[in-house]
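What follows is a short report on a single structure.
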Amino acid sequence: MSDMPATPAASIAPDAPSAPAGRAAHSAHATPVIDRMRRTLAEHQLAAPDAAVLLMVSGGSDSTALAYLAAELRDAGELGPLAMLHVNHQLRGADADGDAQFVATLAEALGIPLFACEVDVAGEVQRTGGNVEAVARSERYLAANEALRSMAFHEGCPLSEARIFTAHTVDDRIESFYMRSIVGTGPGGFRSMLYRNGPVARPLLDATRDELRTYIKARAAAADAAPTPDAPCVRDSQGALWREDATNAHTDRFRAYVRHEVVPQAKAWNPRMPENLVRTMNLIAEEDDMLDTMAGQAIAAHAVPVGQAVQGAEGSAARGASGEGAAEGPSGYANGREGAAAEAPAAGPAAPGAASATPLDDAAYTEGFLLKPSFGTVPKPLQRRAAHRLLKAMLGADERIDAASVEAVLAGFGATGAPVGGYVANIQGNLAVSANKKGVRVEPMAAFRARRKRTETR
């Protein structure tokens, strides 16, 4: 992450209160939206009542509603200490500065400490050659993880239980579903979004954008009629209740095109499309969780990190089968799940919609992996998921894994399921896939060439 300030805009100290003294629980806005948020938090076990929670707030309607709702739940004793994070991507000039000022005002009004940072996303894109949206997302989550660690330390809360709340809604989930329908995806892609992925949780994933805006407007009307410090409502310098990003209306951008052109047409055909599609995505998610768990079991039984393979491939099988835990990579083909650049959840039973697959030790697979000959007996759909998860563990959560790369790994086993001696393939630009009687190995191309050179000189 670049340009993260050493201290947050509103510092978090161990003795700093999370809410102004004397603020009582406020129930005047116990709307269906807050009840739905309560239900989502409970059903998907998104956060313990005393867990530290970092709110990612851009200033748009969704994240503004998230801030108000989370503050209400905090005041009611249903959420632990809160903090906000606002990241200025420096892409929209004075408008971006206006967003930052609005969020600062909101945080002050709600008595929520604020982390604020500026990131030169355009400069990062120029330096790395990455995509603007991908770089911005990566920087946001790097900032979020750094802020969460600081917050948990100062609040004296376990980092393993701390959470990052984002304001993704039903609308975001539906848009992602249609985007993936258009460009293609694989297993895991059509669940669209997880309720929880590591520390990142989405408590508004069952609410719509219109519902959140209605909630904010009702809160503002109540505040205008009878102002009270227990239920503040802020406006920007133009009197708006939230900030609007004008680029969201530019239909030359893919998500904006889906939002303004595709989704309205689908709703016109069937007004109940949102609830029907959400129900379908949740059914897909349940099956996806089950298959991910099975893929994790296949990895534990049939895969060995390259470091262990060098020490004695099959001899390391016991260690490979021990299932040493760590972060689950997104499961599904290119963009099957959003990369969150986030830490793994603690081991334990997962709620429906949570990232529940058997954990992997990401660090163990950074040098590559060996799939033993017995992997050839695993059903093909589970082979695909296992190979994809291993490539994610090797390359990182934000790396796009091509479907062709997964198929190239599986091709090393041939039609009979046995390793094809002499098979070699180049995937992801700089990874080598090779096969011999010991199995199918995936490693950086430089390591493959060095190993082959050593073999030739013997």
Side-chain angles (χ1 to χ4, degrees), residues 134 176 179-180 183-194 197-198 284-285 287-306 320 323 325-342 344 350 354-372 374-413 417 423 425-435 439-444:
S176 293
M179 291 169 71
R180 291 170 185 178
V183 302
T185 188
F190 285 127
R191 74 185 298 159
S192 188
M193 287 184 177
L194 292 163
N197 191 18
I284 292 171
E287 296 182 359
D288 185 53
D289 288 340
M290 179 188 70
L291 291 170
D292 261 0
T293 297
M294 295 171 69
Q297 293 167 348
I299 291 171
H302 307 290
V304 183
V306 157
E328 168 217 8
S331 148
Y333 288 141
N335 296 326
R337 288 190 190 159
E338 65 280 9
S356 62
T358 303
L360 298 177
D361 183 354
D362 284 15
Y365 291 94
T366 55
E367 297 178 38
F369 55 89
L370 174 73
L371 298 172
K372 297 185 288 183
S374 56
F375 185 77
T377 66
V378 175
K380 191 75 75 174
L382 293 181
Q383 285 184 344
R384 290 193 182 96
R385 284 178 177 264
H388 188 277
R389 283 184 60 185
L390 288 166
L391 289 171
K392 277 286 187 184
M394 184 178 177
L395 298 174
D398 286 330
E399 184 71 19
R400 178 186 177 113
I401 306 299
D402 296 328
S405 296
V406 174
E407 295 303 322
V409 173
L410 304 191
F413 286 94
Y423 174 81
N426 184 343
I427 64 172
Q428 297 292 127
N430 64 348
L431 297 185
V433 183
S434 59
V440 175
R441 179 190 295 257
V442 179
E443 60 193 331

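Any value given below was found using the heavy atoms of this structure, including those in side chains, with hydrogens, waters and symmetry copies removed.
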(message) With heavy-atom distances below 4.5 Å as the criterion, would you say the side chains of Q297 and T293 are in contact?
(response) yes
(request) Measure across A408 and Y423 and return the closest heavy-atom pair with its distance rounded to 0.1 Å. (result) O-OH, 2.7 Å
(message) What I want to find out is whether R191 reaches D289 closely enough, with some N-O distance under 4.0 Å, to be called a salt bridge.
(response) yes
(message) Nearest 0.5 Å, please: how far is CG in L391 from OH in Y365?
(response) 12.0 Å
(request) Answer whether the closest heavy-atom distance between the side chains of Q428 and R400 falls below 4.5 Å. (result) no
(request) Check whether any side-chain heavy atom of D402 lies under 4.5 Å from a side-chain heavy atom of I427, and answer yes or no. (result) no
(request) Please tell me if the side chains of L371 and Q383 come closer than 4.5 Å, counting only heavy atoms from C-beta onward. (result) no
(message) Within the 4.5 Å heavy-atom criterion, are M294 and L291 side-chain neighbours or not?
(response) yes
(request) Give the minimum heavy-atom separation between R180 and F190, together with the two atoms involved. (result) C-CE2, 4.2 Å
(request) Mind listing the closest non-hydrogen atom pair of L410 and K380 along with its distance? (result) CD1-CD, 3.7 Å
(message) If you define the side chain from C-beta out and look only at heavy atoms, does anything of L390 sit under 4.5 Å from V442?
(response) no
(message) Please give me the minimum heavy-atom distance between A435 and G412, naming the atom from each residue.
(response) CB-O, 3.7 Å
(request) Kindly indicate, with the supporting measurements, whether the criterion side chain to side chain contact (heavy atoms under 4.5 Å, CB included) is fulfilled by V378 and F413. (result) CA-CA 11 Å; V378 175; F413 286 94; over 6 Å; no
(request) Quick one: closest heavy-atom pair of R389 and I299, and the distance? (result) CB-CD1, 4.1 Å
(message) Can you confirm whether H388 sits close enough to K392 that some side-chain heavy atom of one is under 4.5 Å from a side-chain heavy atom of the other?
(response) yes
(request) Quick one: sort the H302 and F375 rings into parallel, tilted or perpendicular, breaks at 30° and 60°. (result) perpendicular
(message) Ignoring hydrogens, what is the shortest heavy-atom contact between P444 and L431? Give both atom names and the distance.
(response) CA-CD2, 3.9 Å
(request) Could you tell me which residues satisfy side-chain hydrogen bond (donor to acceptor under 3.5 Å, both in side chains) with E443, sequence neighbours excluded, listed by chain and number? (result) R451
